[in-house]
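Below: the structure, in structure tokens.
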Amino acid sequence: MARQLLHPPGSMPVDFTSPAGEPALSSPDSIAWQVFKNPVAMFVGGVAAVILELAEPRVRTGVWEHSSFRTQPMQRLQRTGLAAMVTVYGAQSVAEKMIASVVRRHDRVTGLTPTGEAYGANDVELLNWVQATAAFGFGQAYHAYVRPLATGEFDRLYREGAPAARLYGAMGAPTSEAEMRRLFDDMRGRLEASDIVFEFLDIMRYAPVLPAALRPAQRLLIRAAVEITPAWVRERLGLSRADGLGHAGKAVVRWAGRMGERIVLRDSPAVQSCLRLSLPHDYLYRRSESTSRP
């Protein structure tokens with residue numbers, strides 16, 4: 001699954017092992033390198049982030065009218081997943097080139113919402129929200145289903161994302177838990193219900209991300225994403241308790257998340273990037289074991 005999600009059709013494969021020795025935008029000792037290596041945190045966090053993005057009408061219109069999500073969900077997931085991995089693990093020169101390309105493409109994404117409000121994908125306010133929702137989603141998914149993070153670790157995670165956020169143009173993306181809470185409070189008047197949120201969740205339930213036999217597990221991960229969305233946002237969007245997880249479902253997702261901390265995939269961006277920096281292939285997994293001990 002991980003291999004499939006990171007190879008969009010028609011795109012050149014990214015070699016995370018080169019240039020040899022070149023650092024990424026964040027360090028191997030970062031919280032980000034821990035979080036992004038876990039496939040459960042990535043999937044659940046990514047879905048939660050999109051739920052929050054689609055709650056904002058300008059972001060929602062831009063995503064839904066200028067992307068292939070409705071018609072080619074797998075290709076969109078692949079491009080988004082690869083961009084996230086390059087941003088975190090890729091050599092700095094590779095990440096900067098990729099981000100610059102994304103910014104240029106976003107320059108063309110402009111329009112009006114159904115209520116006549118103007119938007120542009122490179123509007124700083126919208127970029128701040130998109131960057132914040134991604135950091136929130138991935139961090140909360142790891143915290144809920146892999147390993148609890150302390151407030152200081154959330155602060156580190158948000159602070160580590162600042163260099164990449166600035167390259168994307170998100171000059172005011174939160175760099176601490178306190179700033180994240182303030183942004184969510186400021187957005188209370190902007191977020192609103194939309195049928196598009198439910199359409200997105202339905203697409204994600206049935207997109208061929210996992211093999212057919214594992215599709216029930218995929219739907220469980222969608223529920224896990226709803227579960228970590230703030231309660232007031234779920235209420236505003238019309239998402240009920242039935243859309244989230246019960247106690248048994250939480251236990252299953254936590255088991256899967258912790259298993260994801262033990263499975264070392266030699267061709268994953270996390271492992272390949274460690275090799276680029278002359279670190280042991282299981283460097284991040286050794287760190288996971290040490291940080292999870294009481």
Side-chain angles (χ1 to χ4, degrees), residues 1-7 13-46 77-78 80-95 98 134-135 137-150 152-161 163-164 209-211 214 217-218 221 224 251-294:
M1 180 189 75
R3 198 176 297 114
Q4 181 186 11
L5 282 176
L6 293 174
H7 291 85
V14 176
D15 181 3
F16 287 89
T17 65
S18 67
E22 184 175 330
L25 292 171
S26 53
S27 77
D29 294 331
S30 65
I31 302 293
W33 275 48
Q34 285 292 317
V35 168
F36 278 69
K37 79 178 186 306
N38 189 287
V40 172
M42 285 299 297
F43 185 89
V44 173
L77 288 171
Q78 288 169 317
T80 302
L82 181 59
M85 288 297 174
V86 171
T87 300
V88 173
Y89 294 117
Q92 186 170 334
S93 61
V94 176
M98 184 273 297
F138 295 129
Q140 289 294 328
Y142 194 85
H143 174 75
Y145 305 118
V146 183
R147 176 180 69 81
L149 297 176
E153 290 179 299
F154 274 109
D155 288 343
R156 276 187 60 195
L157 176 64
Y158 299 150
R159 191 165 58 247
E160 289 162 2
V209 179
L210 297 180
L214 295 177
Q218 181 172 319
L221 296 178
V252 171
V253 178
R254 284 174 183 147
W255 174 85
R258 288 164 186 166
M259 286 297 295
E261 291 291 273
R262 302 176 185 177
I263 301 173
V264 183
L265 301 175
R266 292 296 294 258
D267 61 348
S268 73
V271 171
Q272 293 288 296
S273 298
C274 285
L275 297 177
R276 183 181 79 245
L277 298 175
S278 300
L279 296 169
H281 74 278
D282 59 348
Y283 173 79
L284 294 174
Y285 299 85
R286 295 180 189 176
R287 289 193 64 228
S288 290
E289 290 179 4
S290 64
T291 54
S292 63
R293 292 190 192 111

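- Closest non-hydrogen pair, Leu277 versus Pro28, comes out as CD1-CG, 3.5 Å.
- Listed by chain and residue number, Phe138 satisfy the side-chain contact (heavy atoms from CB on, under 4.5 Å) test with Ala134 (two or more places apart in sequence, or in another chain).
- A pairwise comparison of heavy atoms in Gly139 and Leu149 identifies O-CD1, 3.9 Å as the closest pair.
- Closest of all the heavy-atom pairs between His281 and Val264 is CD2-CG1, 3.8 Å.
- A donor-acceptor distance shorter than 3.5 angstrom exists from the side chain of Gln272 to the backbone of Arg266, with no hydrogens or angles considered.
- Residues meeting the side-chain contact (heavy atoms from CB on, under 4.5 Å) test with Ala84, sequence neighbours left out: Phe36, Met42.
- The shortest non-hydrogen separation linking Thr87 to Met98 is OG1-CE, 3.4 Å.
- Listed by chain and residue number, nothing satisfies the side chain to side chain donor-acceptor pair (under 3.5 Å) test with Ser30 (two or more places apart in sequence, or in another chain).
- Across all non-hydrogen atoms, the minimal contact from Leu284 to Cys274 is CG-SG, 3.8 Å.
- At least one donor-acceptor pair under 3.5 Å links the side chain of Tyr145 to the backbone N or O of Ala224.
- Side-chain contact check for Val86 versus Phe16: some heavy-atom pair is nearer than 4.5 Å.
- Asn38 contributes atom CG, which lies 13.0 Å from atom CZ of Phe43 (distance to the nearest 0.5 angstrom).
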Test log, rule side chain to side chain contact (heavy atoms under 4.5 Å, CB included), inputs Val271 and Leu265
CA-CA 7 Å; Val271 171; Leu265 301 175; 5.6 Å; no
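- Scored by the salt bridge (charged side-chain N to carboxylate O under 4.0 Å, His left out) test, Asp15 finds no partners at all (sequence neighbours excluded).
- By the side chain to side chain donor-acceptor pair (under 3.5 Å) test, Arg156 is found to be paired with Glu160, residues two or more places apart in sequence or in another chain being considered.
- Formation of a donor-acceptor pair under 3.5 Å by the Glu153 side chain with backbone atoms of Ala150 is found in this model.
- By the side-chain contact (heavy atoms from CB on, under 4.5 Å) test, Gln92 pairs with Glu22, Leu25, Glu96, sequence neighbours left out.
- To the nearest 0.5 angstrom, Leu275 atom CG is 11.0 Å from Asp267 atom CG.
- Checking side-chain atoms of Gln140 against main-chain N and O of Gly45 turns up no donor-acceptor pair under 3.5 Å.
- Note that OG of Ser273 is 9.5 Å distant from CE of Met85, once rounded to the nearest 0.5 Å.
- Note that CD1 of Ile263 and NZ of Lys37 are 12.0 Å apart. Values are rounded to the nearest 0.5 Å.
- Under the rule for a ring pair (Phe, Tyr, Trp, His ring centres under 6.0 Å), the partners of Tyr89 that lie at least two apart in sequence or sit in another chain are Trp33.
- Of all heavy-atom pairs spanning Ala91 and Ser18, the tightest one is CB-O, 3.9 Å.
- In this structure, the separation between CG on Leu157 and NE2 on His143 is 12.0 Å, given to the nearest 0.5 Å.
- You'll find the side chain of Tyr142 reaches within 4.5 Å of the side chain of Arg147, heavy atoms only.
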